Amino acid sequence: MRISDLVANLFDLYYIILVIRVLLSWLPQRSYGSKLSRFGSLIYGLTEPLLLPIRRALWRYQGGMQVDFSPLVLMLLIFVARAISLKLLWSLGL
């Protein structure tokens, strides 16, 4: 396996985790200790460090809207970072 394949798979995995985060946000919150609650905590723990700064930056531009666009922005950033990283790795022959 090439390094570029590994990097692509890591970006894809994080993208999937982010989609799961969005889907979980649409479900009602489960009681503490349930398997879904622990799974949700893991997913939130993996995504919140990148979503929080984006959410803070967008806050002043959203004008009080109740829709959180930070996952959409992060998905776009993941797409761009993946493309740039892979082009760089391919140019280096990795």
Side-chain angles (χ1 to χ4, degrees):
M1 177 179 264
R2 300 173 60 169
I3 293 175
S4 59
D5 295 334
L6 177 64
V7 169
N9 289 337
L10 289 174
F11 275 111
D12 293 344
L13 177 63
Y14 196 81
Y15 187 87
I16 291 168
I17 290 170
L18 189 57
V19 169
I20 292 170
R21 157 82 185 246
V22 170
L23 295 175
L24 284 176
S25 72
W26 295 345
L27 297 176
Q29 297 298 323
R30 301 286 181 188
S31 62
Y32 181 75
S34 70
K35 289 182 182 179
L36 185 58
S37 175
R38 285 182 272 165
F39 177 71
S41 295
L42 173 67
I43 297 296
Y44 276 68
L46 290 171
T47 55
E48 193 62 23
L50 293 179
L51 287 172
L52 186 59
I54 296 169
R55 194 176 299 118
R56 285 181 180 159
L58 290 177
W59 176 78
R60 67 186 87 154
Y61 302 109
Q62 287 189 301
M65 287 191 301
Q66 297 297 319
V67 180
D68 182 13
F69 289 106
S70 59
L72 183 62
V73 172
L74 183 55
M75 287 176 181
L76 179 63
L77 290 173
I78 289 170
F79 178 77
V80 170
R82 182 183 189 273
I84 291 171
S85 299
L86 292 179
K87 282 199 180 270
L88 179 63
L89 288 171
W90 288 334
S91 70
L92 295 173
L94 301 171

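Just so it is clear, the model here is predicted, and its values are computed rather than measured.
- Following chains of ILVMFWY side-chain contacts shorter than 4.5 Å, one can reach Leu23 starting from Phe69, so the two form part of one hydrophobic cluster.
- Nearest heavy atoms, Leu24 versus Gly40: CD1-CA, 3.8 Å.
- Residues Tyr15 and Ile20 fall into different hydrophobic clusters, defined by Ile, Leu, Val, Met, Phe, Trp and Tyr side chains chained together at heavy-atom separations under 4.5 Å.
- One finds the OH atom of Tyr44 at 5.0 Å from the OG atom of Ser25 (value rounded to the nearest 0.5 Å).
- The side chain to side chain donor-acceptor pair (under 3.5 Å) search around Arg55 returns Glu48, Asp68, not counting sequence neighbours.
- The cluster map of Ile, Leu, Val, Met, Phe, Trp and Tyr, joined by side-chain heavy atoms under 4.5 Å apart, puts Ile43 and Leu13 in the same cluster.
- Separation of atoms CG (Leu86) and CG (Asp5) is listed at 8.5 Å; rounding is to 0.5 Å.
- Under a 3.5 Å cut-off, the side chain of Tyr14 and the backbone N or O of Leu46 do form a donor-acceptor pair.
- We find the CG-CG distance between Leu52 and Leu74 to be 12.0 Å, quoted to the nearest 0.5 Å.
- Nearest heavy atoms, Pro49 versus Gly45: CD-O, 3.3 Å.
- Between the side chain of Ser91 and the backbone N or O of Leu88 there is at least one donor-acceptor pair closer than 3.5 Å.
- Cluster membership check: Met75 does not share its hydrophobic cluster with Phe79, using side-chain heavy-atom separations under 4.5 Å among Ile, Leu, Val, Met, Phe, Trp and Tyr.
- In this structure, the separation between CD1 on Ile54 and CG on Leu77 is 5.0 Å, given to the nearest 0.5 Å.
- For the pair Val22 and Pro71, the tightest heavy-atom approach, listed with the atom from each and the gap, is CG2-CB, 3.6 Å.
- Every side chain to side chain donor-acceptor pair (under 3.5 Å) that Trp90 has, sequence neighbours left out, goes to Ser4.
- Rounding to the nearest 0.5 Å places OG1 of Thr47 at 9.5 Å from CG of Leu42.
- Linking Ile, Leu, Val, Met, Phe, Trp and Tyr residues whenever their side-chain heavy atoms come within less than 4.5 Å leaves Leu10 and Ile3 in two separate clusters.
- Looking at Ser70 and Trp59, their side chains never come closer than 4.5 Å, going by heavy atoms from C-beta outward.
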